[in-house]
Participant: 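Below: one structure in structure tokens.
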Amino acid sequence: MSGERFRHDPAYKQFFGDPRMVESLVRDFVDEDFVRGLDFATLERCSGSYVADDVRERHDDVVWRVRLRGNGSWCYLYLLLEFQSTPDPWMAVRILAYTALLWQDLIRGGQVREGDALPPVLPMVVYNGRRSWTAACDVAELLGPVPGGLARFQPRQRYFLLDESRVPESRLRRGGLAAQLVRLERARSPEDVAGVVRELIATLRGPDYLPLRRALSVWIGRVLLRRAGITQTLPEFQDLQEVEAMLEENMADWWEQTRLRAHAQGLAEGRAEGLETGRAEGLEAGRAEGRAEGLETGRAEGRAEGLETGRAEGLETGRAEGASALRLTVRDLLTDRFGTLPEATTEAMDAVTELDDMRRLASSVYRAPSLEAFLELLEEILRRNERPQ
């Protein structure tokens, strides 16, 4: 279980422990005709802990039941609050198992007797992950091709999915408490949070709403404001009016901090881009000038310009590239003075990788009276580099 899920589950179970929040969840998001036949005045919280035949217990459920108008039978609302970072591909199997556990519990408790019909169940998955929900919503979708009449023996069950980040904003603004909770989840600025908080203050009036107001206030302070990047502190609010007052009081400071963070980020990115561009241009200029103007003047100026930027990104890379470029220049100058070089000479020069050594060889090109004299210096450098340091 991720830390994000740990912080959300207790608060959400408290939210959906309130019948008005459960009613809003169904009315705001379930577009089915049967919703009009639910008598929400009869909503009743049920135990969410079931014991299967293998004595395994579950305590992660939020279960309600509500009367169906007309025949007065019960319909069970099974809420599963899912706050994993990635969707569970086997959620449909889990839901099927939980539904069966619920029915088993009703049978054991004598609420469903022989000859009675099993009550209908509406399984609902509330998901607030950033990634789109890609898991199958019907257990039948997880089955492969089934031959012949075997298909009629396979289970079918669909669950209702509320993927909070995918609900259109226009629909949320037409909804009730559950829609306002989703809008809070999606809020990313102090103004967004403050706007929903003001609506909740207007909606949750009266002492009956006190526990829900308190739960929302604590959750906003401990989880929402921090996760949205509005503040890293964890203020302990007692009521929504305190949340609204704090947001209004600190709005200007937060926007100034946001502006400063954006400025600092832009400055850092600009410096990084400038260093990278300057390094590339400097190295290219250094090579071009070194080859065009000769060792003593052009290479010194070009390498100085190239190394100036190259050192900013890493001295080792700049020196290695400088030695490689200088090696080409030395070869060209040697060829100009002594003609085509023996292959052994070019191979020996390839073994010289230090920039200081290449500079020493370069300065001796014009001073050496002969190629043999140059080779003596080259051999001396190679012998020195072979000695243990």
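Worth knowing before you read on, the calculation uses all heavy atoms, side chains too, and leaves out hydrogens, waters and symmetry mates.
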Participant: Dump the intermediate steps for salt bridge (charged side-chain N to carboxylate O under 4.0 Å, His left out) on D116 and R113, then the final yes or no.
Facilitator: CA-CA 5 Å; D116 292 342; R113 295 183 171 83; 5.3 Å; no

Participant: Measure from the side-chain N and O atoms of R327 to the backbone N and O of V352, and report whether any donor-acceptor pair falls under 3.5 Å.
Facilitator: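 Yes: the side chain of R327 pairs with the backbone of V352.
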
Participant: Which heavy-atom pair separates G129 from D163 by the least distance, and what is that distance?
Facilitator: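 Reported closest heavy-atom pair: O-OD1, 4.4 Å.
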
Participant: Verify side-chain hydrogen bond (donor to acceptor under 3.5 Å, both in side chains) between E242 and S217, making sure each step is shown before the conclusion.
Facilitator: CA-CA 8 Å; E242 295 179 13; S217 302; over 6 Å; no

Participant: Does the side chain to side chain contact (heavy atoms under 4.5 Å, CB included) test come out yes or no for V218 and Q14, once each step is laid out?
Facilitator: CA-CA 11 Å; V218 172; Q14 192 170 3; over 6 Å; no

Participant: Treating Ile, Leu, Val, Met, Phe, Trp and Tyr as nodes and any side-chain heavy-atom pair under 4.5 angstrom as an edge, say whether L96 and L106 lie in one connected cluster.
Facilitator: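 Looking at the clustering, L106 is in a separate group from L96.
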
Participant: Just how far is it from atom CZ of R331 to atom CG of L328, taken to the nearest 0.5 Å?
Facilitator: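 With rounding to 0.5 Å, CZ (R331) is 6.5 Å from CG (L328).
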
Participant: Before you tell me yes or no, could you show the steps for R94 and D88 under salt bridge (charged side-chain N to carboxylate O under 4.0 Å, His left out), namely the whole-Å CA-CA distance, both residues' side-chain angles and the distance that decides it to 0.1 Å?
Facilitator: CA-CA 9 Å; R94 288 172 57 188; D88 180 356; 2.8 Å; yes

Participant: Could you check whether any side-chain N or O of R65 sits under 3.5 Å from a backbone N or O of L77, counting only pairs where one atom can act as donor and the other as acceptor?
Facilitator: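 No, because the side chain of R65 does not come within donor-acceptor range (under 3.5 Å) of the backbone of L77.
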
Participant: Linking I/L/V/M/F/W/Y whenever their side-chain heavy atoms sit closer than 4.5 Å, directly or via other members, would L122 and V93 fall into one cluster?
Facilitator: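 Result: no, two separate clusters.
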
Participant: Take atom CZ of R45 as the centre, draw a 6.0 Å sphere, and report whether it contains more than 12 heavy atoms from other residues, nucleotides or ligands.
Facilitator: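 Above 12, so yes.
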
Participant: Does R360 reach the side chain of D356, with side-chain heavy atoms less than 4.5 Å apart?
Facilitator: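 No, every pair of side-chain atoms sits at 4.5 Å or beyond.
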
Participant: Counting C-beta onward and ignoring hydrogens, is there a side-chain heavy-atom pair between L181 and Y12 closer than 4.5 Å?
Facilitator: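 Side-chain contact under 4.5 Å: yes.
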
Participant: Drop me the distance from S24's OG to F29's CZ, to the nearest 0.5 angstrom.
Facilitator: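 It is 7.0 Å, given to the nearest 0.5 Å.
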
Participant: Using atom types as modelled and distance alone, determine if a side-chain donor or acceptor of R67 lies under 3.5 Å from a backbone N or O of G72.
Facilitator: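 Yes; judged by distance alone, with no hydrogens or angles, the pair exists.
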
Participant: Between F40 and R27, does the side chain to side chain contact (heavy atoms under 4.5 Å, CB included) criterion hold? Intermediate values first, please.
Facilitator: CA-CA 10 Å; F40 287 103; R27 289 190 185 277; 3.1 Å; yes

Participant: Out of curiosity, E141 CD to R158 CZ, how far, rounded to the nearest 0.5 Å?
Facilitator: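 Answer for the CD-CZ pair, E141 versus R158, is 5.0 Å.
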
Participant: To the nearest 0.5 Å, tell me how far L68 CG sits from C75 SG.
Facilitator: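 It is 5.5 Å, given to the nearest 0.5 Å.
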
Participant: Nearest 0.5 Å please: distance from the CD atom of E164 over to the CZ atom of R130.
Facilitator: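 That separation rounds to 13.0 Å.
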
Participant: Over all heavy atoms of both residues, which pair between A348 and L378 is shortest? Give the atoms and the distance, please.
Facilitator: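 The pair with the smallest heavy-atom distance is CB-CD2, 3.7 Å.
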
Participant: Do other residues, nucleotides or ligands put more than 12 heavy atoms under 6.0 Å from the CD atom of Q241?
Facilitator: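 It does: Q241 CD has more than 12 such atoms within range.
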
Participant: Tell me, do E23 and L38 make a side-chain contact under 4.5 Å, heavy atoms counted?
Facilitator: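 In short, these two side chains do not touch, never coming nearer than 4.5 Å.
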
Participant: Between the main-chain N or O of Q157 and the side-chain N or O of D138, is there a donor-acceptor pair closer than 3.5 Å?
Facilitator: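 At least one qualifying donor-acceptor pair exists.
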
Participant: Pairing donors with acceptors under 3.5 angstrom, does anything connect the side chains of S189 and D192?
Facilitator: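 On atom types as modelled, these side chains qualify, holding a pair under 3.5 Å.
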
Participant: Are any of the side-chain nitrogens in D31 or R171 under 4.0 Å away from the carboxylate oxygens of its partner?
Facilitator: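 Judged by the 4.0 Å cut-off on N to carboxylate O distance, D31 and R171 do form a salt bridge.
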
Participant: Could you tell me which non-hydrogen atom of P89 sits nearest to which non-hydrogen atom of A135, and how far apart they are?
Facilitator: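 For P89 versus A135, the nearest heavy atoms are CA-CB, 3.8 Å.
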
Participant: Run the side chain to side chain contact (heavy atoms under 4.5 Å, CB included) check on I381 and R384 step by step: do they pass?
Facilitator: CA-CA 5 Å; I381 290 173; R384 188 194 66 224; 4.0 Å; yes

Participant: Hey, are S363 and R367 close enough side-chain-wise for a donor-acceptor pair under 3.5 Å?
Facilitator: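 Checked: R367/S363 side chains pair up, N/O donor to acceptor below 3.5 Å.
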
Participant: So, D28 side chain and A179 main chain: donor-acceptor pair closer than 3.5 Å or not?
Facilitator: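 Indeed, once roles are kept as given, a pair shorter than 3.5 Å links the two residues.
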
Participant: Roughly how far, to the nearest 0.5 Å, is the CG atom of L361 from the OG1 atom of T329?
Facilitator: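 Reported to 0.5 Å precision, the distance equals 12.5 Å.
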
Participant: May I ask you to check if R166 and W133 form a cation-pi contact, with NZ or CZ under 6.0 angstrom from the six-membered ring centre and within 45° of the axis?
Facilitator: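 No cation-pi geometry.
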
Participant: Are any non-hydrogen side-chain atoms of R213 and L200 less than 4.5 angstrom apart?
Facilitator: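 Result no, sub-4.5 Å side-chain heavy-atom pair not found.
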
Participant: With side chains defined as the heavy atoms from C-beta onward, is the minimum distance between L162 and V125 less than 4.5 Å?
Facilitator: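 Not touching, per the 4.5 Å side-chain cut-off.
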
Participant: Is the number of heavy atoms from other residues, nucleotides or ligands within 6.0 Å of CD (E169) greater than 12?
Facilitator: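 Yes, CD of E169 has more than 12 neighbouring heavy atoms, counting only those of other groups under 6.0 Å.
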
Participant: Nearest heavy-atom pair of Y76 and P119: which atoms, and what distance?
Facilitator: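 Scanning both residues, the minimum pair turns out to be CE1-CG, 3.6 Å.
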
Participant: Is the shortest heavy-atom distance from the side chain of Y159 to the side chain of M91 under 4.5 Å?
Facilitator: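 The answer is yes, as the side chains (C-beta and beyond) meet within the 4.5 Å cut-off.
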
Participant: For residues S132 and P87, report the shortest heavy-atom separation together with the two atoms involved.
Facilitator: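 Between these two residues, the closest heavy atoms are O-CG, 3.6 Å.
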
Participant: Starting from L142, can I reach V146 by hopping between I/L/V/M/F/W/Y residues whose side chains sit under 4.5 Å apart?
Facilitator: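 Shared cluster, no.
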
Participant: Any side-chain heavy atom of L212 within less than 4.5 Å of one from L204?
Facilitator: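 Side chain of L212 against side chain of L204, heavy atoms only: contact under 4.5 Å found.
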
Participant: Can you tell me if R205 uses its side chain to pair, donor with acceptor, with the backbone of A202 under 3.5 Å?
Facilitator: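 Pair found, side chain donor or acceptor close to backbone of A202.
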
Participant: Go through the steps to decide whether L184 and L224 satisfy the test side chain to side chain contact (heavy atoms under 4.5 Å, CB included), and finish with yes or no.
Facilitator: CA-CA 8 Å; L184 280 176; L224 181 67; 3.8 Å; yes

Participant: Shared ILVMFWY cluster between F15 and Y209, side chains joined below 4.5 angstrom?
Facilitator: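 F15 and Y209: one cluster.
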
Participant: Please report the shortest heavy-atom distance between L377 and S364, naming the atom on each side.
Facilitator: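 Smallest heavy-atom distance, with atoms named: CD2-OG, 3.3 Å.
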
Participant: For L341, is there any backbone N or O sitting under 3.5 Å from a side-chain donor or acceptor partner on T345?
Facilitator: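 Answer holds: no.
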
Participant: Between W64 and L79, is there a donor-acceptor pair closer than 3.5 Å when you use the side chain of the first and the backbone of the second?
Facilitator: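 No.
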
Participant: Indicate yes or no: at least one non-hydrogen side-chain atom of R183 is less than 4.5 angstrom from one of E199.
Facilitator: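 Sidechains of E199 and R183: in contact.
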
Participant: With clusters defined by side-chain heavy atoms of hydrophobic residues (ILVMFWY) lying less than 4.5 Å apart, directly or transitively, does V139 cluster with L143?
Facilitator: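 Result: no, two separate clusters.
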
